[in-house]
Protein chains: 2
Amino acid sequence: MVHRRDAAATREAILRAGVEAFTRSGYDGVGVREIAASAGVTAMLVNRYFGSKEGLFAEVVDVSVAERTVLGSDPRTLARDIASALVRRTAPEADTLDPFLLALRSAANPRAAEILRAGIEKHVEKHAVEVSRAPRPNVAIALALINGFWLMRKVIGSTALNEADEPTLAETLEQLFQILLDTPRVPLSAVGALAGRRELGKTR
Amino acid sequence: MVHRRDAAATREAILRAGVEAFTRSGYDGVGVREIAASAGVTAMLVNRYFGSKEGLFAEVVDVSVAERTVLGSDPRTLARDIASALVRRTAPEADTLDPFLLALRSAANPRAAEILRAGIEKHVEKHAVEVSRAPRPNVAIALALINGFWLMRKVIGSTALNEADEPTLAETLEQLFQILLDTPRVPLSAVGALAGRRELGKTR
DNA sequence: CGCTAATGTCTACACCCGTAGACTTGAGCA
DNA sequence: TGCTCAAGTCTACGGGTGTAGACATTAGCG
């Protein structure tokens with residue numbers, strides 16, 4: 001039987017409303033009253049369960065960053081997995097609820113940015129580095145490429161990216177990720193193909 | 001003779017304070033009182049000269065995107081030029097006054113975003129430049145990498161990027177840009193070095 | 001049933017915001 | 001010298017913010 005007073009469910013509802021609201025409007029763009037209302041409760045309950053608006057935001061960042069990861073796949077196919085997932089998720093018809101938007105729209109507030117930084121780094125530290133033996137700055141650059149691609153395709157709406165052939169797009173990205181993540185035993189032929197895929201059919 | 005009451009100079013001071021404040025904190029992150037104070041006047045004078053906060057923001061966007069430096073360069077060194085400029089301009093100690101930051105930090109507010117979009121398109125239309133003969137999607141991906149790198153390093157403040165060795169960072173980025181922009185006559189040695197620069201030393 | 005503690009609401013406070021309108025000040029000119 | 005009007009300030013208003021503390025409600029249990 002479903003209780004009308006269910007603390008766990010209420011907490012979950014607030015959290016989900018927070019994810020939706022913060023992603024849509026950014027940290028400063030939404031008030032706790034609005035979040036609470038869309039969860040069907042009062043503003044004070046937000047503080048009751050999450051301590052403060054910042055506390056809720058921190059947890060929103062945590063679940064947002066955590067639940068959308070492609071990592072954990074086979075290191076040998078990591079670059080391809082990331083590339084194809086990125087192209088698929090940034091397709092024009094995909095839903096717009098994404099941690100990248102959360103970061104983009106909340107980054108203006110220094111306190112929110114600090115929470116974001118901590119949440120992202122915690123995630124990077126936890127999952128990314130242990131999957132790939134790549135140097136940490138390279139992992140960060142890969143993340144930058146992901147975010148930038150997201151920005152151009154989904155926020156700016158770059159026609160060059162939206163009208164491009166998606167498999168080709170994914171292939172190009174895969175090559176970049178492969179370099180950054182330094183996938184073990186990259187076939188040399190692939191490396192050559194990537195540098196001059198029109199001219200280098202013959203190895204000297 | 002310098003008048004203590006100089007309308008043009010006062011207007012200029014407010015505008016420059018606006019550029020600084022909006023770029024640093026975003027549209028919602030700063031109030032007209034703060035902008036006015038840092039220009040040495042009262043909040044109401046902002047409205048007197050610019051009509052409203054939005055009016056000031058529109059003019060700030062206008063001058064910010066107008067004075068953006070154009071990147072023209074030898075195609076053979078384009079990748080390196082972009083990479084080094086990117087690393088240099090996103091250094092932690094670099095001044096943070098950039099139209100990209102202005103856009104990023106203000107994009108959360110829909111009204112500000114609309115003003116931004118209008119201002120950017122007005123100037124893009126005026127200064128559209130052909131950068132490279134590379135496939136257009138690749139140029140867009142390069143732009144995505146630039147923007148993402150900027151986001152991660154300057155806005156989020158990724159420690160992995162800020163603590164990394166800058167020459168190495170620039171080198172990695174250069175390799176990526178070289179692939180994307182398909183610079184003619186890529187030296188094969190550079191391609192090999194890029195694919196496995198730690199493991200492939202045995203061929204020396 | 002009656003008690004208790006968890007669950008949720010209400011009121012209030014202190015502060016911020018953008019801006020409208022009345023007011024004061026001073027520079028340039030006759 | 002006196003006048004005039006632009007330049008700049010002051011006060012205030014209506015509304016929004018996050019959140020602290022007192023209050024009300026209900027579920028679970030003896």
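Model, not experiment: these values are computed from the prediction. Below, read A as the first sequence line, B as the second, and so on, with proteins coming before strands; counting in each chain starts at 1. FYI, side chains are in, hydrogens and waters are out, and symmetry mates aren't considered; it's all heavy atoms of this structure.
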Handout entry: A:Ser84 side chain vs A:Asp81 backbone, donor-acceptor pair below 3.5 Å
Key = yes

Practice task
Report the distance from atom CG of B:Leu45 to atom C1' of D:dC10, rounded to the nearest whole Å.
Solution key: 13 Å

Exercise for the section: Test side-chain contact (heavy atoms from CB on, under 4.5 Å) on A:Thr10 and A:Leu45 and set out the steps. Expected result: CA-CA 9 Å; A:Thr10 303; A:Leu45 256 197; 4.0 Å; yes

Exercise for the section: Go through the steps to decide whether A:Phe149 and A:Arg89 satisfy the test side-chain contact (heavy atoms from CB on, under 4.5 Å), and finish with yes or no. Expected result: CA-CA 11 Å; A:Phe149 189 83; A:Arg89 288 185 185 169; over 6 Å; no

Handout entry: Under-4.0 Å side-chain N/O to phosphate OP1/OP2 contact, A:Thr10 with C:dT7
Key = no

Exercise for the section: Report the C-alpha distance between B:Leu78 and B:Ile82 in whole Å, list the side-chain angles of each, state the deciding distance to 0.1 Å, and finish with yes or no for side-chain contact (heavy atoms from CB on, under 4.5 Å). Expected result: CA-CA 6 Å; B:Leu78 185 59; B:Ile82 293 176; 3.9 Å; yes

Problem - Interatomic distance where OH belongs to A:Tyr49 and C1' belongs to C:dG8 [whole Å] - result: 8 Å

Exercise for the section: Under the side-chain contact (heavy atoms from CB on, under 4.5 Å) rule, what do B:Leu180 and B:Val139 come out as? Steps first, then yes or no, please. Expected result: CA-CA 7 Å; B:Leu180 288 171; B:Val139 174; over 6 Å; no

Identify each atom pair where a protein N or O and an N or O of nucleotides 20-22 of chain D are less than 3.5 Å apart, giving names and distance.
none

Practice task
Rounded off to whole Å, could you give me the CZ-to-C1' distance for the A:Phe50 and C:dT7 pair?
Solution key: 15 Å

Practice task
Report yes or no: does B:Arg153 contribute a side-chain atom to a donor-acceptor pair with the main-chain N or O of B:Val87 at less than 3.5 Å?
Solution key: yes

Exercise for the section: Identify the heavy atoms of A:Leu173 and B:Ile141 that sit nearest to each other, and give their distance. Expected result: CD2-CG2, 4.0 Å

Fill in the blank from the handout: Of the candidates C:dT7, C:dT19, C:dC10, the side chain of B:Lys53 sits closest to C:dT19

Practice task
Give a yes or no on whether A:Arg117 atom CZ has more than 12 heavy-atom contacts from other residues, nucleotides or ligands under 6.0 Å away.
Solution key: yes

Exercise for the section: May I have the distance from A:Asp6 (atom CG) to C:dT7 (atom P), rounded to whole angstrom? Expected result: 9 Å

Exercise for the section: Could you tell me the separation between the CG atom of A:Leu56 and the P atom of D:dT17, rounded to a whole number of Å? Expected result: 15 Å

Problem - Exceeds 12 heavy-atom contacts within 6.0 angstrom, atom CZ of B:Arg16 - result: no

Practice task
Identify, residue by residue, the members of residues 24-36 of chain A with a heavy atom below 4.0 Å from DNA chain C, and return them in order of residue number, or none.
Solution key: A:Arg33

Exercise for the section: Take atom CG of A:Asn109 and atom P of C:dC16, then tell me their distance rounded to the nearest Å. Expected result: 15 Å

